[in-house]
There are 2 protein chains.
Amino acid sequence: MESRLAERRARILGAARNLVAEAGYSAVSVPAIAKRAGVSTGLIYNYFDSKAVLFDELFRSATEHEIEACEAAARQPGSARERIGYVIETFAHRALAARQLAWALLAEPVETEIEQDRLRFRAPYRRLFAALIREGINDGEIADQDEDVVAAAMVGGIVEALIGPLSEPPEVGDEDRLIHTIVSYCANALGSIPEPSELGMAPYHD
Amino acid sequence: MESRLAERRARILGAARNLVAEAGYSAVSVPAIAKRAGVSTGLIYNYFDSKAVLFDELFRSATEHEIEACEAAARQPGSARERIGYVIETFAHRALAARQLAWALLAEPVETEIEQDRLRFRAPYRRLFAALIREGINDGEIADQDEDVVAAAMVGGIVEALIGPLSEPPEVGDEDRLIHTIVSYCANALGSIPEPSELGMAPYHD
DNA sequence: ATAAATAGTGAACCATCATTCAGTTCTTCT
DNA sequence: AGAAGAACTGAATGATGGTTCACTATTTAT
């Protein structure tokens with residue numbers, strides 16, 4: 001059974017999360033979180049050292065949740081290139097389905113301290129893409145390249161391409177077209193399939 | 001001759017710009033700008049309605065300056081694909097040569113109101129890339145695609161790939177490799193050169 | 001030279017919120 | 001029940017830093 005302490009923590013985090021998801025970051029002051037959670041302002045500081053810590057945890061858990069979905073997509077059967085496509089589709093679909101939250105997590109202007117956090121939470125996405133690209137390279141599906149730089153560019157590109165649409169109301173047909181454009185863009189960006197080595201060496205795994 | 005009024009404006013903007021370029025946005029308070037410009041805090045409000053307006057102008061002029069350099073690169077002779085490559089090289093070289101400023105303009109966490117500005121000032125880059133891509137499409141060099149989405153993804157990708165290096169001290173050899181990686185990445189992302197149309201239609205210009 | 005207008009000063013002000021803490025209510029244990 | 005402690009309250013506090021404004025200095029016009 002969940003301890004009272006943990007229940008309160010979760011309630012506060014949930015309130016913060018709901019506020020972000022409904023109205024964006026700008027609507028979330030500590031008193032607002034308290035009101036939504038049905039507790040006093042002061043109590044929040046019994047559970048979190050500061051607002052920044054609270055948001056750090058909020059961002060972390062939201063990011064982990066998204067990352068898990070993307071990792072699941074990455075585990076689908078298929079070539080590395082195909083799986084990269086699945087991950088992008090998953091990421092983009094989920095972002096477009098929860099626009100306000102995605103906007104807040106990815107791009108909404110926030111106070112300085114929290115912005116730093118946000119930058120940090122892009123790293124897991126970069127790592128996921130970098131790992132898939134490296135796999136593709138080792139399998140001979142993708143030409144050798146600096147997977148860290150390319151992964152960063154992909155994440156930045158996907159987010160930037162989504163930011164405009166994220167802040168506008170949904171337009172049904174366009175969504176699939178947008179995602180398709182982004183997926184093709186990334187697929188192309190990985191370059192063409194390399195010729196098998198003249199030495200006939202088999203692709204290797206580390 | 002520059003009017004006294006314009007001279008003062010320019011002096012204040014210059015002071016702000018130098019502070020940003022030397023120490024990043026976090027070092028720039030209104031009193032700090034005043035001190036650097038050798039004027040009083042209050043005077044700044046005779047020339048600018050608010051700090052946000054001052055920075056809006058600062059960002060605008062800095063962005064215009066950069067955009068001009070990129071547009072010059074885009075006017076070099078060459079195919080659309082080649083010229084896109086020149087623009088990326090120009091942009092990246094200049095950013096890496098003035099790291100602190102570039103970091104402040106592109107990614108440093110800033111207060112909410114100013115962040116909104118920053119988002120706006122990415123649009124000119126998107127437009128420049130979009131125009132070049134469209135040219136390439138019309139010339140049959142690039143397969144038809146949504147140039148606005150692709151341009152956004154390129155800009156986002158270039159910036160994201162630079163952000164890490166921008167916040168670290170220069171490492172000489174790496175810089176060219178990094179830029180080369182980004183350029184190839186974008187070149188690939190445009191897709192392969194399309195087959196000439198079966199109907200033998202000539203590429204068209206609007 | 002004197003007045004009117006304009007430019008400039010900087011200490012005080014204020015708005016915003018995160019944060020605190022003295023006091024109260026609720027639990028738990030004997 | 002009663003005491004000890006933990007949980008909780010919310011109005012007051014405080015830090016930051018942008019903004020104002022009553023006042024002084026300088027320039028321009030008569």
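Treat the numbers as computed from the prediction; the structure is a model and nothing was measured. No hydrogens, no waters, no symmetry mates; every other heavy atom, side chains included, goes into these values. Lettering follows sequence order; numbering is per chain, from 1.
One can place CD1 of Ile12(A) at 14 Å from P of dT19(C), the figure rounded to the nearest angstrom. Per the geometry, CD1 belonging to Ile44(B) stands 11 Å off C1' belonging to dG18(D), to the nearest Å. Atom CZ in Phe48(A) sits about 21 Å away from atom P in dC17(C), given to the nearest Å. As rounded to whole Å, 16 Å separates atom C1' of dG10(D) from atom CD1 of Ile33(A). For Leu54(A) and dT19(C), the CG to C1' distance is 13 Å, given to the nearest whole Å. Protein atom NZ of Lys51(B) is 17 Å distant from nucleotide atom C1' of dT20(D), rounded to whole Å.
In terms of phosphate contacts, Tyr45(A) brings a side-chain nitrogen or oxygen within less than 4.0 Å of OP1 or OP2 of dT19(C).
Between Cys186(A) and the choices Val150(A), Ile158(A), Val155(A), the side chain to side chain contact (heavy atoms under 4.5 Å, CB included) rule is met once, by Ile158(A). When each of Asp144(A), Asp139(A), Asp146(A) is paired with Arg134(A), the salt bridge (charged side-chain N to carboxylate O under 4.0 Å, His left out) condition holds for Asp144(A) and for no other. Partner Glu66(B) forms a salt bridge (charged side-chain N to carboxylate O under 4.0 Å, His left out) with one of Arg122(B), Arg94(B), Arg60(B) and no other, that one being Arg94(B).
Sequence neighbours left out, not one pair with a member in residues 137-165 of chain B passes ring pair (Phe, Tyr, Trp, His ring centres under 6.0 Å). Listed by first and then second residue, the ring pair (Phe, Tyr, Trp, His ring centres under 6.0 Å) pairs involving residues 123-147 of chain B are Phe91(B)-Tyr125(B) (not counting sequence neighbours).
Under the 4.0 Å criterion applied to side-chain N and carboxylate O atoms, Glu22(B) and Arg36(B) are assigned as salt-bridge partners. The residues Arg99(B) and Glu168(B) are annotated as not salt-bridged, no charged nitrogen and carboxylate oxygen being separated by less than 4.0 angstrom.
The stretch residues 18-31 of chain B touches DNA chain D through Ser29(B), Val30(B), Pro31(B), each having a heavy atom within less than 4.0 Å of the strand. Contacts with DNA chain C (heavy atom under 4.0 Å) in residues 103-118 of chain A: none are found.
For the residue pair Glu111(A) and Tyr25(A), a side-chain donor N or O sits within less than 3.5 Å of a side-chain acceptor on the partner.
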One character per nucleotide, please: for nucleotides 5-12 of chain C, 5' to 3', B when the base has a protein heavy atom closer than 4.0 Å, S when only the sugar-phosphate does, - otherwise. ---BBB--
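Evaluation of the ring pair (Phe, Tyr, Trp, His ring centres under 6.0 Å) rule for Tyr45(B) yields no partner, not counting sequence neighbours.
Closest non-hydrogen pair, Ala107(B) versus Leu119(A), comes out as O-CD1, 4.3 Å. In plain terms, the two heavy atoms of Ala15(A) and Ile33(A) that are nearest each other are CB-O, 3.8 Å.
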